[in-house]
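Counting convention: from 1, in listed order, for ligands and their atoms alike.
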Amino acid sequence: MDDHGDVREKILFGKYELQTLLGQGAFAKVYRAKNLRTGQSVAIKAMSLQNVQKGGLTELVKREISIMHRLHHPHIVRIFEVLATKKKIYFVLEFAEGGELFAKVRKGRFNEHLSRRYFQQLISALSYCHSRGVFHRDLKLENLLLDEKLDLKVTDFGLSALTDQIQPDGLLHTRCGTPAYLAPEILANKGYDGAKVDIWSSGIILYALNAGYLPFNDRNIMDMYRQIYKGTFRCSEWTSPELKRFLHRLLDSNPNTRITVEQIMGDPWFKKGYKHIHTDATDCFGLEDYEDNSTQYDFLNAFDIISFASGLDLSGLIGSPDCSIVVERFVSAESPERIIEEVAAKAEEGRMTVVRKKDLGVMVERPNGDIIFTVDIHRLTDKLALQTNKRCTTVWRPMELSKDTARANGCTKNYRKP
Ligand code: ADE
């Protein structure tokens with residue numbers, strides 16, 4: 001890793017301590033890390049932005065980030081925040097303690113009961129996302145993780161569209177990685193329906209959980225493609241007739257006749273012991289929500305290039321989940337010195353104390369030492385300055401701002417904890 005993500009330095013953006021490398025793909029590395037403030041374990045997925053054209057944070061990418069951030073489901077890995085430098089984008093994800101489901105299946109196939117349990121959890125996650133217009137498009141056993149209770153957590157939801165966007169040659173790609181999960185309509189290079197493609201991949205997963213191997217697998221890739229096209233596969237002898245029938249409905253090579261999520265929910269094999277998960281109504285959103293936020297996004301649009309060019313935290317883009325601090329950003333043509341003078345003048349009018357920071361910026365405190373807000377200024381060009389203003393909300397109490405946080409903010413003054 002390089003720049004802020006240098007694993008030798010171990011600390012990312014002064015906020016996360018990188019611990020171990022969990023996995024590595026063609027375009028991304030995943031690390032286990034610790035949030036230094038809360039002690040919480042997280043997974044950090046680092047993707048290279050090399051060769052991406054300037055301004056590559058397109059509307060689509062921002063939209064995906066916004067949607068992913070709002071996916072709250074017990075069987076979907078949460079995305080906490082997105083950070084970026086000029087060269088890399090970092091997704092800070094919920095850490096799944098139980099590791100990969102793949103590792104468990106490799107030790108031995110699952111019985112029908114356990115296969116069904118995990119498949120039900122997968123379909124619950126798919127149903128939730130599909131009804132919100134979000135498709136995975138790269139479902140495979142490697143993307144299924146387990147939490148501490150050994151329940152399923154689907155990872156990378158919504159990330160495939162992003163990956164497509166930001167592959168090194170800057171072109172839009174359909175898929176890389178193992179073709180064993182690819183739906184025939186993708187191989188045919190036809191336009192495809194994201195929901196149908198996810199259902200096909202879920203059929204491959206169910207087959208693999210129960211059989212211990214993949215339904216379409218051949219050393220000769222063209223032979224494998226032929227098998228997928230035809231949709232001909234054999235079920236292992238221990239598969240019940242009900243499961244066989246169900247697998248043939250999932251792995252129907254015709255997307256138009258393939259089973260839908262609603263039909264899956266009504267299937268007798270699937271329904272056995274299925275408990276519908278009620279997600280919090282406040283988590284529900286339609287795609288219109290995104291449009292409704294246009295004011296916020298218009299504002300953020302102005303920061304696309306700025307955010308990427310200056311290696312700033314993009315959490316403002318998606319909102320902070322444990323949002324105790326309000327961050328506002330704006331661009332000013334004033335010099336940093338002038339901005340600081342203005343802030344200091346206003347603060348002094350209100351009998352507040354102004355503390356200069358090591359870098360360009362100030363902290364404004366009450367007489368008792370409680371910090372009210374900090375101003376960080378990042379020079380963009382000689383004529384343009386970016387100001388970041390962190391204000392306390394009513395939720396935030398000064399008690400929560402520790403000495404370390406103050407120090408991390410570059411405050412040189414001895415900070416007195418209230
Ligand atoms: N490997 C990849 N993503 C992970 C995550 N979110 N938690 C644990 N291991 C992972």
Can we call the ring centroids of Trp200 and Phe216 under 6.0 Å apart?
yes

Taking distance alone, with no angle check, do Phe95 and ligand 1 share an N/O pair under 3.5 Å?
no

Pairwise distance CD(Gln19) to CD1(Ile44) - rounded to 0.5 angstrom
9.5 Å

So which heavy atom in the protein is nearest atom 2 (C) of ligand 1, and how far is it from that ligand atom?
Val30 CG1, 3.6 Å

Report the relative orientation of the aromatic rings in Phe246 and Phe270; use parallel for angles under 30°, tilted for 30 to 60°, perpendicular for over 60°.
tilted

How close does the nearest protein non-hydrogen atom get to atom 4 (C) of ligand 1, and which residue and atom is it?
Leu145 CD1, 3.3 Å

Please check whether Thr155 reaches ligand 1 - meaning an N/O of the residue sits under 3.5 Å from an N/O of the ligand, judged on distance alone.
no

Proximal atoms of ligand 1 relative to Ala43 (non-hydrogen, under 4.0 Å):
4 (C), 5 (C), 6 (N), 7 (N)

Distance to 0.1 Å, residue and atom name: give those for the protein heavy atom nearest to atom 7 (N) of ligand 1.
Ala96 N, 2.8 Å

Find out whether the Lys NZ or Arg CZ of Arg245 is both under 6.0 angstrom from the six-membered ring centre of Trp269 and within 45° of the ring's axis.
no

When the aromatic ring centroids of Tyr128 and His72 are compared, is their separation below 6.0 Å?
no

Kindly compute the distance separating CD (Gln121) from CG (Leu146), expressed to the nearest 0.5 Å.
8.5 Å

Could you identify the single nearest non-hydrogen protein atom to atom 9 (N) of ligand 1 and state the distance to 0.1 Å?
Leu22 CD1, 3.6 Å

Where on Glu94 is there a heavy atom closer than 4.0 Å to ligand 1, on the side chain, on the backbone, on both, or on neither?
backbone

